[in-house]
Amino acid sequence: MTIRAELLRRRYLNAFRRVRIQDPGGTRLLFATIAVALFAVVASGVALAHLALPMSEALRTSVGGAVAKADGGAVLDVRSKVYAADGTLVALFHGDQNREPVSLRRIPAEFQHAVIAIEDARFYEHDGVDMAALARAFLVNSAAGGIQQGGGTITMQLARNAYLHERQRTAARKWQEIVVARQLEARMTKSQILEQYLNTVYFGEGAYGIQAASETYFGHGPARLSLAQAALLAGLIKSPVRLDPRVQRTAAIARRNRVLDAMQRLGYISARERTAAVREPVRLRKAMRSNGVMMMTDAGGSFVEYVKQQLLADPALGSTREQRTRTLFDGGLRIYTTLDLPAEREAERAIRNVLNKKGDPSAALVSIEPSTGAIRAMAGGTDARGFNLAAQGRRQPGSAFKPFTLVAALEDGISVYKNYNGSDPRTIDLGNGESWIVHNYEGSHGGYMSLLEATEFSVNAVYAQVAVEVGPKKVVGVAERMGITSHLDAYPSIALGALTIGVSPMEMASAYGTLANGGASMKPFAIAKVEDVRRSVVLTRAPIGKQVLEREIAEKATAVLEKVIESGTGRSALALGRPAAGKTGTTDDYRDSWFVGFTPQLSTAVWLGYPTVSRPLANIHGLPHVFGGSLPCEIWTRFMRAALADQPVVDFATVDLHGGDAAGGRGSSVTLSEPVPAPAPVRRHGNKKH
């Protein structure tokens, strides 16, 4: 037996004698005697032949695999990061283990000292196995008749956490830990061991390693940890669940103070520093984890959910859903997006400030850069299941769908000054004995008016006639070319936004962006580039576009939609204070309300309604009914004014709207309230309705 082992043996025997003196009746004597015998074996084994302990073949295989793993470096699950366009970290995707390894130099010394003080005070003195700690554990456990202390060092804990799979507390597992710990000490420096340990140890709430733990509990990285925060996290290692500061606050604080006491006792901090840390209140960040996502900013939840769904469907991350899930949540990806974080904050603020009363409906907003298709903001409409109404929802667009009929008419050579009878009600012959009765808003009588005026004031009777004139199939084709991807049926009612399925705010923002971009449709995208854990590029997204409308047609349609804001149903948007074009939309019975508009720099769609029930938007904020020119337009204007505040004022092209077929009766100037699309066409055969 070596001198070191003999000294340890004597220390243990002295402890044993103290137990005998304190327990003269001998009730603990048997446990202590057994402990002495076991300790003698362990002390001898540790001191001799690098723990050449007798092992079964299974145990030898397990240890051998762990040592090989140590030689090759432990392969750990690593979370993925999502960045905004300006490089700001927006969110983290993680699986069961939320982990982000960091180098030891990025971990403050105070935290390192806190962990060493409470978990392994002799870390820099032992060679992986602390015989004094094992002796104390033997003594305490023997006296208690059960396991009270583990006696494990930081190196032994690392062996268990990163290199071994056995979690049950058994003698065999302890032998494994001891053997692998000695192997680790022979292969790694103390700094390397400590670094690995601090990146693998569990802190609770799914957080593995100091980076994830610091973010989970305090909302920032370890570099900003205070002494009190560092001590609190160090204290969690012993029992993250039992000491969870969100649930067991008193126990967590008591454990923190014990860590501080240990740090002072070992000379890491002064008495004054300890006192100040004890007095520091515990302030935890709000828990923001769901569906494998941890938000790192105060905005962007809907956008991040959209990015997640896009990547889970992208074969670049794997051929199966299971492979893609593994890669996304545990593969250490860096995901660079198109998100304009300040604009996203303004979008969420606009919705929050307008819909600010209990019981208010919901809203969703999508804003796209017309020249590239880059999604700059996506707010509202995401429920607890991850369903994103802004991108996935399909709602009836109402009169916001009329611009596609307008473009179809312009492509057919119809002048915006051609006059139509906009009287209410209007019976339109569909041929083959079928007719369609169309009503304007609340029975208003429009009289004769031009297509331009009918667009300004969203007159249903006129647009129904135009749809029949150009043909519903033509309207469907225009909408699809401009960016509508949802299924469309070629019914005349398409002109009024009465669709079979509906459309999403993202589709509408994209399609209107085609007009802002001079007739070039750009495919919307949110992900610019993805790198893997080795920083190799996995996928990239460049703007993809196609000229789908003649520039002159797009510019004419834009000029007409400018009139909607200048003097029509979208007059509230004049508060933007710069050139803009757009269209209001309100569905039958006021169940969905829209405003979709654009400048040369941004195309933005706002939907307002109840996401889970079909319910009229009535008696909200003093309004008998909500129509597109009211609350949706207010949200749109607030957002656009803030999002474009630092951008130059850019005008649209100057367009001559004259030309084409101007026949069709006399013009008239009208002022109508926001109209509501009529129901789908009533098909009549004789006196029967179908």
Side-chain angles (χ1 to χ4, degrees), residues 355 360-366 380-381 389-390 392-406 424-425 436-444 454-455 457-464 467 472 475 479 484 486-489 491-509 511-512 564 568-570 582-597 605-621 623-636 672-682:
L355 302 176
D360 275 352
S362 298
L365 180 154
V366 177
L389 189 59
Q392 298 171 291
R394 299 293 184 270
R395 304 299 289 237
Q396 295 297 312
S399 294
F401 216 73
K402 286 177 178 173
F404 305 117
T405 301
L406 171 64
D424 178 290
W436 178 21
I437 299 177
V438 180
H439 294 275
N440 293 327
Y441 180 75
E442 293 182 353
S444 300
T455 306
F457 303 106
S458 204
V459 181
N460 289 343
V462 171
Y463 262 86
V475 178
I484 299 299
S486 294
H487 173 76
L488 300 173
D489 288 315
Y491 299 137
S493 57
I494 192 175
L496 310 183
L499 309 181
T500 306
I501 297 176
V503 291
S504 70
M506 187 168 72
E507 290 175 83
M508 294 294 282
Y512 274 58
V564 173
T569 58
K583 184 70 185 72
T584 56
T586 308
T587 61
D588 191 27
D589 292 332
Y590 303 94
R591 297 180 188 277
D592 296 279
S593 192
W594 297 72
F595 188 82
V596 189
V606 174
W607 164 87
L608 193 148
Y610 294 97
T612 58
V613 295
S614 182
R615 177 176 158 192
L617 295 163
N619 301 315
I620 298 171
H621 290 222
L623 298 172
H625 297 98
V626 174
F627 53 89
S630 59
L631 299 182
C633 190
E634 183 180 353
I635 292 172
W636 183 92
L672 299 177
S673 300
E674 164 72 358
V676 177
V682 177

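Quick note: residue numbers are just sequence positions, from 1.
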Between [X] and [Y], is any pair of side-chain heavy atoms under 4.5 Å apart?
| X | Y | value |
| --- | --- | --- |
| Asp424 | His439 | yes |
| Lys583 | Ser458 | yes |
| Thr586 | Arg591 | no |
| Ser593 | Leu631 | no |
| Ser493 | Val438 | no |
| Phe627 | Thr569 | no |

Nearest heavy atoms of [X] and [Y], plus distance in Å:
| X | Y | answer |
| --- | --- | --- |
| Ser362 | Leu355 | C-CD1, 3.9 Å |
| Ala495 | Tyr463 | CB-O, 3.6 Å |
| Val596 | Ala400 | CG2-CB, 4.3 Å |
| Pro632 | Val606 | O-CG1, 3.8 Å |
| Met508 | Pro397 | CE-CB, 4.1 Å |
| Gly380 | Ala364 | O-CB, 4.1 Å |

Return the [atom1] to [atom2] distance between [X] and [Y], rounded to the nearest 0.5 Å.
| X | Y | atom1 | atom2 | result |
| --- | --- | --- | --- | --- |
| Leu389 | Leu365 | CG | CG | 12.0 Å |
| Ser504 | Trp607 | OG | CH2 | 12.0 Å |
| Leu488 | Ile501 | CG | CD1 | 8.0 Å |
| Leu496 | Trp436 | CG | CH2 | 4.5 Å |
| Leu499 | Arg394 | CG | CZ | 11.5 Å |
| Asp360 | His621 | CG | NE2 | 3.5 Å |

Under the side-chain hydrogen bond (donor to acceptor under 3.5 Å, both in side chains) test, residues paired with Ser630 that sit two or more places apart: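 Partners of Ser630 under the side-chain hydrogen bond (donor to acceptor under 3.5 Å, both in side chains) test: none.
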With sequence neighbours excluded, residues passing side-chain hydrogen bond (donor to acceptor under 3.5 Å, both in side chains) with Asp489: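 Partners of Asp489 under the side-chain hydrogen bond (donor to acceptor under 3.5 Å, both in side chains) test: His487, Thr500.
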Is there a donor-acceptor contact under 3.5 Å from the side chain of [X] to the main chain of [Y]?
| X | Y | result |
| --- | --- | --- |
| Trp594 | Gln396 | yes |
| Asn440 | Asn460 | yes |
| Thr587 | Asp592 | yes |

By salt bridge (charged side-chain N to carboxylate O under 4.0 Å, His left out) - contacts of Arg615 (at least two apart):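 Per chain and number, Arg615 pairs via salt bridge (charged side-chain N to carboxylate O under 4.0 Å, His left out) with no residue.
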Geometric class of the His625/Tyr590 ring pair [parallel <30°, tilted 30-60°, perpendicular >60°]: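 Judged by the thresholds at 30° and 60°, the geometry between Tyr590 and His625 is parallel.
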Donor-acceptor pair between Lys402 and Thr455 side chains, under 3.5 angstrom: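 There is no such pair between these side chains.
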